[in-house]
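In each ligand, atom 1 is the first atom listed, and ligand 1 is the first ligand listed. Below, each value reflects all heavy atoms present in this structure, side chains not excepted, and no hydrogens, waters or symmetry copies.
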Amino acid sequence: MAFFTHHISRSFSSSAARSVVIKNVTIIGGGQMGAGIAQVAASTGHTVTLVDMSEDILKKSVKGIEGSLKRVAKKKFAEKPEAGEEFIQKVLQNVSTATDPAAAAPTSDLVLEAIVENLKVKQDLFGRLDKLAPAHTIFASNTSSLPITDIASSTSRQDRFGGLHFFNPVPMMKLVEVIATPATSQETFDSLLNFSKALGKAPVSCKDTPGFIVNRLLVPYMMEALRLHERGHGSKEDIDVAMKLGAGYPMGPFELSDYVGLDTMKFIIDGWSEKDPDNPLFAPSELLNKLVAEGKLGKKTGEGFYKYK
Ligand SMILES: C[C@H](O)CC(=O)SCCNC(=O)CCNC(=O)[C@H](O)C(C)(C)COP(=O)(O)OP(=O)(O)OC[C@H]1O[C@@H](n2cnc3c(N)ncnc32)[C@H](O)[C@@H]1OP(=O)(O)O
Ligand SMILES: NC(=O)c1ccc[n+]([C@@H]2O[C@H](COP(=O)([O-])OP(=O)(O)OC[C@H]3O[C@@H](n4cnc5c(N)ncnc54)[C@H](O)[C@@H]3O)[C@@H](O)[C@H]2O)c1
């Protein structure tokens, strides 16, 4: 517990009494992250509406949630498969889907966005949501790299807007970065923090700076691995083995890039490079650009640096 208090302390006094208790959640974007967050929120007793652009995508999202729940249940209820099946059905009952945010936003305590990593698209979405959601509803973004302040600027509720940055795969990764902008109220921050804890996650507090904590360190490292390979200084297989066995990472940088999604990697590095073109840590990679142009986006499309069946 000391861990939380140490990391979460902020510079102004707490007024948690007035923070919103988050029960009904709308998650926009049913991709790897949105589906994972929906799963964890539903597993911890929240009512979730998952929103994406088509019924087909949503069917795939729910199938993914079911598959992941089976993996969780296999371990959690190893001795009692019937209890595992009951758990899966109970969790799935907490998840409904919609192709229009208007279906759920009016009754949501929290609207969390996990759509494509594009500022304009995120701003348009929140601008529209601002008119649909009641005053108490908190908005949050799962962005990897964009300033929360910029995303929030399309709404009239900057005080009820923050960042909630989850990690892939959401059911397994314990960390959530909770981001307050200078305009985020203490009540909103407390609500997001308490929500993260209710999901069983370990939250840390981050300033609204590019990449927050993890990505500011992790993405330059992953890009540096690409550049090392591009210079001919190591095969991707050897670099992956080296970082797993020599540095204790669970995945090598190429495996992890494929896992994150090469489109997301490119969005992140292009955005940072545009803002800080002289920073060599943000220099683009021709190999990454080529793979993305070919639609090889990593595990989610079946091929990236490696092939997946
Ligand atoms: C860019 C963004 O903004 C920020 C980010 O997210 S950066 C990315 C952060 N993520 C990481 O760094 C992930 C690094 N990788 C890992 O931690 C591990 O490789 C891993 C947890 C993904 C998988 O573990 P690993 O032991 O390597 O592989 P694997 O044998 O497939 O999985 C072990 C168990 O984990 C569990 N598991 C893995 N993925 C799961 C999922 N999606 N759902 C449920 N359970 C899962 C399962 O119980 C699995 O056992 P099973 O195969 O019997 O079902
Ligand atoms: N992949 C990661 O490791 C990771 C980790 C943390 C945060 N993020 C961030 O989370 C967000 C989503 O990433 P992802 O990996 O889940 O991407 P993804 O490509 O797997 O999924 C994105 C989903 O959003 C949907 N979508 C796009 N625009 C939409 C809109 N206007 N309305 C509704 N749905 C829309 C797409 O159809 C797709 O299903 C990005 O901002 C990314 O930077 C990614």
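Distance check on atom 20 (C) of ligand 1: every protein heavy atom falls at or beyond the 4.0 Å cut-off. Less than 4.0 angstrom separates atom 35 (O) of ligand 1 from at least one non-hydrogen atom of the protein. Distance remark: protein heavy atom not present below 4.0 angstrom from atom 30 (O) of ligand 1. By the definition of a contact as any protein heavy atom under 4.0 Å away, atom 24 (O) of ligand 1 is not in contact. For atom 27 (O) of ligand 1, no protein heavy-atom neighbour is present inside the 4.0 Å cut-off.
Atom 7 (S) of ligand 1 has its nearest heavy-atom neighbour, among Leu218, Asn168, Leu256, in Leu218. Residue Val260 holds the heavy atom nearest to atom 1 (N) of ligand 2 of all those in Val260, Asn215, Leu125. Looking at Gly271, Pro101, Ala114 and measuring to atom 22 (C) of ligand 2, the nearest heavy atom belongs to Ala114.
Among all non-hydrogen protein atoms, the one lying nearest atom 36 (C) of ligand 2 is Asp52 OD1, 3.5 Å. In this structure, atom 16 (O) of ligand 2 lies nearest to the protein heavy atom Met33 N, 2.9 Å. Regarding atom 10 (O) of ligand 2, its nearest protein heavy-atom neighbour is Asn142 ND2, 3.1 Å. At the shortest separation from atom 11 (C) of ligand 2 among protein heavy atoms lies Ile115 O, 3.1 Å.
Ligand 2 has no nitrogen or oxygen under 3.5 angstrom from a nitrogen or oxygen of Tyr259. Checked by distance only, ligand 1 and Tyr259 stay at 3.5 Å or farther apart across all their nitrogen or oxygen atoms. For ligand 2, none of its N or O atoms has an N or O atom of Thr264 under 3.5 Å away. Considering backbone and side-chain N/O atoms, His165 never comes within less than 3.5 Å of an N/O atom of ligand 2. Checked against a 3.5 angstrom limit, the closest N/O atoms of Thr264 and ligand 1 fall outside it.
Surrounding NZ of Lys244 are more than 12 heavy atoms belonging to other residues, nucleotides or ligands, all under 6.0 Å away.
Inspection of the Thr149 and Asp208 side chains reveals an N or O donor paired with an N or O acceptor under 3.5 Å.
Near Met251, meaning under 4.0 Å from one of its heavy atoms, ligand 1 places the atoms 14 (C), 15 (N), 19 (O), 22 (C).
The closest approach between any non-hydrogen atom of Glu255 and ligand 1 is not below 4.0 Å. In this structure, Gln39 falls outside the shell of residues with a heavy atom less than 4.0 angstrom from ligand 1.
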